[in-house]
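To start, the structure under review is shown below, and the notes come after it.
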Amino acid sequence: MSHRIVVVGHGMVGHRFLADLASHRLDGVEVTVLGEEGHAAYNRILLPDVIMGRADLPGLTLPESRDVRMSRSRKATGIDRRNRVVVDSTGEEHPFDTLVLATGAEPVFPTVDGMVRADGTPMPGVAALRTWDDADRVRAAAAAGAKVVVMGGGVLGIEAAVALAEAGSDATIVHRGLAPLDRQFDPASGAVVRAGLTDRGITTLVDVRVAGVERSRDGALTSVRLTSGKHIPADLLLVAIGVRPRTRLAEAAHLWVRNGILVNDTCRTDDPAIYAIGDCARTPRGCPGLVGPGWEQARVLAHHLAEKISGRSGPRPVLRADSGVFRVKAEGLEAVTMGEFPADEFAPGAPRVLSLTDPVGRRRVRVAVADGLLVGATCVGDPQVAADLTVAFDSRTPVPDDPAALLARPLAGAAPATSVADLPDAAIVCRCNAVTKAAIADAVNAGADTPEAVATATRASTGCGSCTSDVCSLVAALGSPRTSLERVTVA
């Protein structure tokens, strides 16, 4: 008798799970996928490229999963745990032996009059940036010269604002904190980011909130009202204040939920037949809301189910801890932070903290060193130094006796940062997929002689795409003359 697997959700993590499961070549498995969107799975990370007109849906679409019963535009509406059945929005029932919830997350909209309808959907002129349809609406609304207010100065808000400005819109960020990116970066680094946004024509208003919206008689958005009393003319309000795990389906089924569906290290819920992965899941390591950890969960779950179904056993993969590197992926705006800084830099035994601020050059570097190792770093405005610090942090390379040397290169213009070909084998080149330099070298040695072939073999460059140039450089350095900067999408 076949083992029936039902997957609810077909985003990037659900799609990766199907690919990883297929790699185990199981016999006697029937897989049904319920996808709420009408599109095939696509790379959600690159939606800002859609706003800039640099990507369309076919360019973001991921390869179709084989040997899967795909049901698009089908929303799961209920789980009957006793009879092991999922009911969808058409009333059809889908029996399962194993259920995988990959329902993702949804944007948070504030309770401000005139922004959302009673059912929680945004009113005209208000949008988020979570789905292809969102990006398509924003691109249409944010025509050249359109006035757009971005609510939220976190990473999503900044990436969206930069994309809007590149597309020709007049973008203004409204942020409740004292500086953009204040959840990840120190205030001085946030101030440098704010200056860099100003250079790109983006106004950033801090320590203020959206209090309401104003509309014309026909209902069109005309302006955004702030808590300071100021009114900002607006054709579009883009809300980017965060997301929350989509757990309503799990809650209605009485699964354990607390800021996400609670799962163990194999991504199993409190029901032994039900698993959860991606943004909707809360593992023992938390709910980071990033695609990399979600792909890790997909890999671990696929292996676990393969062993469970086939009866085979072997080395079991475990959920790797997040690398702790946080990067802003915006056009021309380099900002990265990693590790931890002490709450009190002057406390006895605290890591040694050094910083360099260059407001005119729009650069800021801050490092924390303990026991001769880099334990924390922030870098804004200097990609070469950011790359060096990331390698030192990842590989736990001993720092110079005087850690001030870590700060000197931005101003001194010393030797260029380490080439990707000179990185240690253990250095991570593709952070989304945790692909090391050694893994890429092995793929090239095995015959993957183009960046596209390396992407297929290792998945490097198939996430956010920020490592694409490094992958191309590494393939070229390892002996292949055929390199390309084309972004590749693989399963």
Side-chain angles (χ1 to χ4, degrees), residues 11-12 37 39-62 107 122 125-175 180-181 193-204 221 234-241 243 291 327-336 362 380-381 383 432 451 455 461-472 484-489:
M12 294 179 72
E37 295 184 67
H39 316 292
Y42 55 89
N43 189 328
R44 197 182 304 274
I45 302 173
L46 301 179
L47 288 178
D49 286 3
V50 175
I51 298 175
M52 292 186 284
R54 297 181 180 177
D56 55 14
L57 184 56
L60 301 186
T61 298
L62 301 171
V126 180
L129 189 58
R130 188 68 183 173
T131 67
W132 163 260
D133 291 339
D134 290 336
D136 201 32
R137 284 193 293 268
V138 172
R139 176 171 58 180
K147 295 179 174 61
V148 184
V149 173
V150 179
M151 184 178 180
V155 60
L156 178 58
I158 287 176
E159 291 177 356
V162 171
L164 287 161
E166 287 290 319
S169 297
D170 180 1
T172 299
I173 296 174
V174 176
H175 186 56
L181 297 172
V193 170
R194 184 181 183 186
L197 291 169
T198 301
D199 294 342
R200 287 160 180 78
I202 300 168
T203 300
T204 306
L221 182 69
D235 303 304
L236 175 69
L237 173 61
L238 182 62
V239 179
I241 58 175
V243 298
V291 72
R327 187 183 305 275
V328 178
K329 298 174 290 294
E331 185 80 12
L333 183 64
E334 176 72 26
V336 62
R362 303 297 194 245
V380 177
C432 292
S461 77
T462 64
C464 71
S466 62
C467 68
T468 303
S469 61
D470 283 342
V471 173
C472 291
S484 166
L485 290 178
E486 292 296 319
R487 183 177 283 123
V488 183
T489 56

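- Side-chain atoms of D235 come within 3.5 Å of backbone N or O of K147 as a donor-acceptor pair.
- Between V328 and E159, some side-chain heavy-atom pair lies under the 4.5 Å cut-off.
- Here the closest non-hydrogen pair linking Y42 and E37 is OH-OE1, 2.8 Å.
- Looking at residues two or more places apart in sequence or on another chain, you find a side-chain hydrogen bond (donor to acceptor under 3.5 Å, both in side chains) between T131 and D134.
- Side-chain atoms of L60 and L47, non-hydrogen and from C-beta on, do get closer than 4.5 Å to each other.
- Contact record, V193 with A335: CG2-CB, 4.4 Å, taken as the closest heavy-atom pair.
- Under the side-chain contact (heavy atoms from CB on, under 4.5 Å) criterion, A40 pairs with T61, E64, R72, sequence neighbours left out.
- Note that CG of L46 and CD1 of I51 are 12.0 Å apart. Values are rounded to the nearest 0.5 Å.
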Test log, rule side-chain contact (heavy atoms from CB on, under 4.5 Å), inputs V380 and R362: CA-CA 7 Å; V380 177; R362 303 297 194 245; over 6 Å; no
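- Considering every non-hydrogen atom in both P48 and A163, the closest pair reads O-CB, 3.5 Å.
- Distance check, rounded to the nearest 0.5 Å: CZ of R194 to CG of L181 gives 12.5 Å.
- Separating the CD1 atom in I158 from the NZ atom in K329 is a distance of 12.0 Å, to the nearest 0.5 Å.
- When the options V148, V126, V150 are evaluated for a side-chain contact (heavy atoms from CB on, under 4.5 Å) with L236, the one that passes is V148.
- With values rounded to the nearest 0.5 angstrom, L164 atom CG is found 9.5 Å from M52 atom CE.
- Between the CG atom of L237 and the CG atom of L221 there is a distance of 6.5 Å, given to the nearest 0.5 Å.
- Here the CG atom belonging to L62 is positioned 10.0 Å from the CZ atom belonging to R44, to the nearest 0.5 angstrom.
- For A161 against I202, the heavy-atom pair with the smallest separation is O-CD1, 3.6 Å.
- Across all non-hydrogen atoms, the minimal contact from L129 to A160 is CD2-CB, 4.2 Å.
- Of all heavy-atom pairs spanning A128 and V138, the tightest one is O-CG2, 3.9 Å.
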